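Structure first, then comments.
Since we're looking at a predicted model, the values are computed, not measured. Each chain gets a letter, A, B and so on, in the order its sequence line appears, and its residues count up from 1.
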There are 2 protein chains.
Amino acid sequence: MPEKQEQFKSLLKRNGLKVTTQRVVILEELSSRPGRHLTAEEIYDLVKKKYPEIGLATVYRTIQLLSELNLIDKLNLDDGYVRYEIGSKGQEESCHHHHHLICVDCGKVYAFQDDLLETLEERIKQTMGFEVVDHEVKLYGHCKKCLEQSNESNS
Amino acid sequence: MPEKQEQFKSLLKRNGLKVTTQRVVILEELSSRPGRHLTAEEIYDLVKKKYPEIGLATVYRTIQLLSELNLIDKLNLDDGYVRYEIGSKGQEESCHHHHHLICVDCGKVYAFQDDLLETLEERIKQTMGFEVVDHEVKLYGHCKKCLEQSNESNS
DNA sequence: CTCGATGCAAACAATTTGCATAACA
DNA sequence: TGTTATGCAAATTGTTTGCATCGAG
């Protein structure tokens with residue numbers, strides 16, 4: 001999909017960044033895995049397959065840059081790694097900013113979108129005078145599959 | 001307040017932990033600063049004033065222990081430090097589980113409680129079969145004070 | 001007494017940085 | 001051609017761990 005490559009190139013240019021193969025490949029790898037939450041090391045390994053000369057430091061530097069521009073989203077699952085996924089601005093599809101459901105049993109991460117948060121933010125603005133511009137919501141619990149499995153073993 | 005000390009001691013015992021001066025002092029320091037979000041290093045410095053022999057490793061070990069028992073709450077502001085504050089179980093007052101408003105201008109962290117989240121969690125249970133048991137909500141934005149200051153300079 | 005808890009220092013691991021080289025604009 | 005980005009390796013730093021000692025139960 002060369003048209004996607006062109007998109008990334010103009011995306012970089014639009015944000016005042018130089019277009020390099022490394023940056024385009026990193027964006028490609030992330031964007032071809034929406035919903036996956038990849039660590040720097042994982043991105044490094046993926047990119048190396050397409051561009052073996054890349055260094056880990058470049059991955060870190062690029063990730064940080066893209067994150068500051070909100071082209072990719074940062075996610076911290078408190079497992080010692082910072083993870084990244086393609087964000088709404090880095091994707092043509094309007095995949096809205098979403099939140100995460102983290103299963104404490106199997107570790108799987110689910111995404112969900114919600115508009116209820118807007119009501120909450122409105123209320124906060126009213127009561128505390130605090131104007132919310134971004135949010136990070138992590139809900140921990142038991143996913144459907146794990147709930148079913150534990151029900152089976154209990155019956 | 002020696003009655004608070006007694007409380008911490010029984011709190012530790014109740015959770016199957018040995019009562020040591022180090023652990024009690026760490027709990028004291030945290031509980032005398034509700035709403036403050038302290039790093040391990042900061043806790044270490046505070047505790048050293050009352051108990052200079054303590055080692056940083058003990059602080060880390062104790063913090064981890066108390067965090068697993070939910071006596072203290074972990075907070076990650078993505079500034080490279082993991083922070084801790086006394087939790088509802090570690091305090092006699094019923095200070096409900098709360099969420100954080102983080103001002104992107106001055107860095108100040110405000111707390112708020114909300115019940116709207118329960119509606120959200122109910123909805124998630126219905127639509128996705130995911131049962132939420134814990135949550136971490138961080139809202140980033142501009143606090144009242146910083147909003148007022150930027151308004152003044154604009155007028 | 002016995003096992004868990006501590007202090008110290010060394011080990012770890014994710015991330016950052018300095019610097020010479022390469023390559024986009 | 002000049003500045004920005006890269007690769008490599010070394011440095012940094014929050015956190016963990018091994019081990020001998022100490023102290024709560």
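- In 5' to 3' order, the nucleotides of DNA chain C bounding all contacts with chain A (an atom under 4.0 Å from a heavy atom) are dA14(C) to dA25(C).
- Contact between the side-chain N/O atoms of Q64(B) and the OP1/OP2 oxygens of dT15(D) is not found at any separation under 4.0 Å.
- Applying the 4.0 Å criterion to OP1 and OP2 of dT15(D), one finds that Y60(B) has a side-chain N or O inside that range.
- Y44(A) has its OH atom 10 Å from the P atom of dA9(D), to the nearest Å.
- Across the protein-nucleic acid pair, L56(A) atom CG and dT6(D) atom P stand 13 Å apart, rounded to whole Å.
- Y51(B) comes within 4.0 angstrom of the backbone, heavy atoms only, and of no base.
- K48(A) contributes no side-chain N or O that, together with a main-chain N or O of L56(A), makes up a donor-acceptor pair within less than 3.5 Å.
- In this structure, K18(B) atom NZ and dC22(D) atom P are separated by 15 Å, rounded to whole Å.
- Counting only distance, with no hydrogens or angles, the side chain of R23(A) and the backbone of K18(A) share a donor-acceptor pair below 3.5 Å.
- The hydrophobic cluster around V132(B) extends to L101(A), Y110(A), F112(A), L116(A), L117(A), L120(A), I124(A), M128(A), F130(A), V132(A), V137(A), L139(A), L101(B), Y110(B), F112(B), L116(B), L117(B), L120(B), I124(B), M128(B), F130(B), V137(B), L139(B), counting ILVMFWY residues whose side-chain heavy atoms fall within less than 4.5 Å of a member.
- Dashed line: the shortest gap from a side-chain N or O of T20(A) to OP1 or OP2 of dT6(D) is under 4.0 Å.
- What separates CG of L27(A) from C1' of dA5(D) is a distance of 15 Å, to the nearest Å.
- Side chains of E136(A) and H99(A): a donor-acceptor N/O pair is absent below 3.5 angstrom, by distance only.
- Here E53(A) lies in heavy-atom contact (under 4.0 Å) with sugar-phosphate atoms only.
- For the pair K13(B) and A40(B), both in contact range of DNA chain D, the more 5′-proximal nearest nucleotide belongs to A40(B).
- When rounded to the nearest whole Å, the span between CZ of R83(B) and P of dT15(D) equals 10 Å.
- For the pair I63(B) CD1 and dT16(D) C1', the computed distance is 13 Å after rounding to whole Å.
- One finds a salt bridge joining K50(A) and E29(A) here, because a Lys/Arg side-chain nitrogen approaches an Asp/Glu carboxylate oxygen to under 4.0 Å.
- Here dC22(D) presents its P atom at 14 Å from CD of Q22(B), a figure rounded to the nearest Å.
- Under 4.0 Å is where a charged nitrogen must lie from a carboxylate oxygen, and between D134(B) and K74(B) no such pair does.
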May I have the step-by-step check of side chain to side chain contact (heavy atoms under 4.5 Å, CB included) for K138(A) and L75(A), ending in yes or no? CA-CA 9 Å; K138(A) 288 185 278 184; L75(A) 176 64; 4.2 Å; yes

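- A close approach under 4.0 Å does not occur between any side-chain nitrogen or oxygen of R61(B) and OP1 or OP2 of dT15(D).
- In this structure, the CD1 atom of I26(A) is 13 Å from the P atom of dA5(D), given to the nearest Å.
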